[in-house]
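Working notes, structure below.
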Amino acid sequence: MLELKKLAWELPAGEKILKHIDLIIPSGKLTVVTGPNGGGKTTLAKMIAGTEFPTSGQILLDGEDITALDMTQRAKKGISYAFQQPVRFKGLTVRDLIELAAGKPLSEDKLCEILGKVGLCTHDYINREVDGSLSGGEMKRIEIATVLARNTKVMVFDEPEAGIDLWSFSGLIDVFQEMKEQMAGTLIIISHQERILKIADDIVVLAKGRVRAQGKREDILPSLFADESAVHCPREKEVLSHE
Ligand SMILES: Nc1ncnc2c1ncn2[C@@H]1O[C@H](COP(=O)(O)OP(=O)(O)OP(=O)(O)O)[C@@H](O)[C@H]1O
Ligand SMILES: [Mg+2]
């Protein structure tokens, strides 16, 4: 279980990007975090992964305060994060990257199984360099595969749908559904996609750096769609920015 207590993040100039976020993200469930662009979702994911540190507040993992731990220390505690925009590594192959994530050498069958989940044909890809020659969608799928390979107790996927074609996306939904049914840990997906929202157990709506709504999918989803146009209406923006 992840617990965020009065979490805040400010830019050096003083702009408040996250404003006192109080959240409990349970284990054994899929929590989907959604909300308008710029609402603070990626920032929140970075706080959890430890690539950025909160200005104030706490992050607890199963009751342990991990706020001061860096990304490597948090990875050791079992937190994995798939970036919204994956990082490319010149000189590393797809096999290297997935084996690094898994923490051990993998057979071709195992590599095939993992890459197959994200719709990549292993033999064509395992020896490719993870550099600029891979397309954006391929890179994104490899990034997701590294988190699947790690299979840790907290997994955060930032917009896994971004840049993924419709056909591979269906397969990916099945993978998340399967993970959700099997995992005992915490699965967090940041997404704008209705199909991902529909498989969520819980939904968190983040807007203007605050938790705007939070609860079971069946309670949040109807109001979310009813509200969709309101989020973009200037009056609503005014109300939100008033906080
Ligand atoms: N390092 C930074 N310097 C300046 N502004 C930043 C920085 N990081 C985030 N922001 C700003 O904080 C706000 C929240 O950004 P964030 O990336 O968390 O949004 P998001 O909810 O993930 O949006 P999207 O749906 O577009 O991915 C944005 O206005 C963004 O420009
Ligand atoms: Mg984002």
Side-chain angles (χ1 to χ4, degrees), residues 2 4-23 25 30-59 67 70-71 74 79-88 136-137 139-144 146-147 154-164 169 172 176 186-200 202-215 220-221 223-225 227-234 236-243:
L2 263 181
L4 312 181
K5 284 186 174 174
K6 294 194 169 62
L7 203 74
W9 191 65
E10 284 178 21
L11 295 176
E15 192 187 339
K16 294 179 171 62
I17 304 296
L18 293 181
K19 303 163 192 169
H20 291 85
I21 307 267
D22 280 315
L23 259 186
I25 308 178
L30 165 59
T31 300
V32 177
V33 180
T34 194
N37 291 136
K41 302 179 296 299
T42 295
T43 309
L44 188 75
K46 288 178 176 171
M47 300 286 138
I48 294 171
T51 62
E52 291 284 355
F53 295 93
T55 318
S56 58
Q58 279 181 309
I59 304 170
T67 320
D70 65 23
M71 194 184 183
R74 289 196 206 185
I79 297 180
S80 305
Y81 170 42
F83 289 92
Q84 184 170 3
Q85 269 145 359
V87 186
R88 294 172 188 267
M139 202 53 235
K140 186 81 188 176
R141 292 197 238 171
I142 288 162
E143 166 86 358
I144 293 167
T146 61
V147 174
V154 179
M155 294 190 250
V156 186
F157 295 88
D158 196 350
E159 294 196 27
E161 71 266 23
I164 306 252
F169 187 58
L172 204 59
F176 288 134
T186 304
L187 183 57
I188 303 169
I189 305 179
I190 295 170
S191 180
H192 299 286
Q193 256 287 333
E194 190 175 341
R195 286 170 69 191
I196 292 189
L197 286 162
K198 281 186 169 159
I199 63 164
D202 293 342
I203 295 176
V204 173
V205 184
L206 210 63
K208 301 262 173 190
R210 285 187 192 274
V211 176
R212 192 172 173 222
Q214 174 196 4
I220 303 288
L221 208 51
S223 58
L224 200 63
F225 290 135
D227 231 24
E228 215 172 31
S229 54
V231 171
H232 301 289
C233 128
E236 178 76 3
K237 270 190 178 161
E238 228 174 77
V239 172
L240 286 167
S241 62
H242 232 84
E243 294 167 353

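Sequence positions, counted from 1, serve as the residue numbers for this chain. Counting starts at 1 for both ligands and their atoms, in listed order. Since the structure is predicted, the reported quantities are computational estimates derived from the model, not experimental observations.
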### Task
Have a look at ligand 1 and work out which part of T42, if any, has a heavy atom under 4.0 Å from it: side chain, backbone, both or neither.
both

### Query
Do E10 and T55 get their side chains close enough for a donor-acceptor pair, meaning under 3.5 Å?
no

### Query
CE/M47 to CG/L2 distance, rounded to the nearest 0.5 angstrom?
14.0 Å

#### Entry: Protein heavy atom at shortest distance from atom 1 (N) of ligand 1
W9 CH2, 4.0 Å

### Task
State whether any protein heavy atom lies less than 4.0 Å from atom 31 (O) of ligand 1.
no

### Closest heavy-atom pair and its distance - W9, T43
CE3-CG2, 3.3 Å

### Task
Go through ligand 1 atom by atom and flag the ones less than 4.0 Å from a non-hydrogen atom of Q84.
27 (O)

### E15, portion touching ligand 1 at heavy-atom distance under 4.0 Å
neither

### Query
Is the count of non-hydrogen atoms from other residues, nucleotides or ligands lying under 6.0 Å from Q85 atom CD greater than 12?
no

### Query
Below 3.5 angstrom, do we get any N/O pair linking G40 and ligand 1?
yes

### the Mg ion (ligand 2) contact by T43, N, O or S atom under 2.8 Å
no

### Query
Is there a donor-acceptor pair closer than 3.5 Å between any side-chain N or O of D22 and the backbone N or O of K6?
yes

### Query
Which of the atoms of ligand 1 are close to H192, meaning less than 4.0 Å from one of its heavy atoms?
25 (O)

### Task
With F157 as reference, evaluate F83, F176, Y81 under the ring pair (Phe, Tyr, Trp, His ring centres under 6.0 Å) test and give the passing residue.
F176

#### Entry: Value rounded to 0.5 Å, distance of CG in L4 from CD1 in I48
5.0 Å

### Donor-acceptor pair, side chain of K140 and main chain of Q84, under 3.5 angstrom
yes

### Message
My understanding is that we take every heavy atom of each candidate and find the minimum distance to atom 15 (O) of ligand 1. Doing that for L11, T43, V33, which one comes out nearest?
### Response
T43

### Message
Within the 4.0 Å heavy-atom shell around I17, which atoms of ligand 1 are there?
### Response
11 (C), 12 (O), 13 (C), 14 (C)

#### Entry: Min N/O separation G38 to ligand 1 under 3.5 Å
yes

### Message
Looking at atom 11 (C) of ligand 1, tell me if a protein heavy atom falls under 4.0 Å from it.
### Response
yes

### Expected output: side-chain K41 to main-chain E159 donor-acceptor under 3.5 Å
no

### Query
Does a side chain donor of either E161 or S191 reach within less than 3.5 Å of an acceptor in the other side chain?
yes

### Query
Looking at the Mg ion (ligand 2), is one of the N, O or S atoms of Q84 less than 2.8 Å from it?
yes

### Query
Considering only heavy atoms of E159, which atoms of ligand 1 have at least one such atom less than 4.0 Å away?
24 (P), 25 (O), 27 (O)

### Task
Give the residue and atom name of whichever protein heavy atom lies nearest to atom 24 (P) of ligand 1, and the separation in Å to one decimal.
N37 ND2, 3.5 Å

## Note on the structure
min-distance protein heavy atom vs atom 25 (O) of ligand 1 -> K41 NZ, 2.8 Å

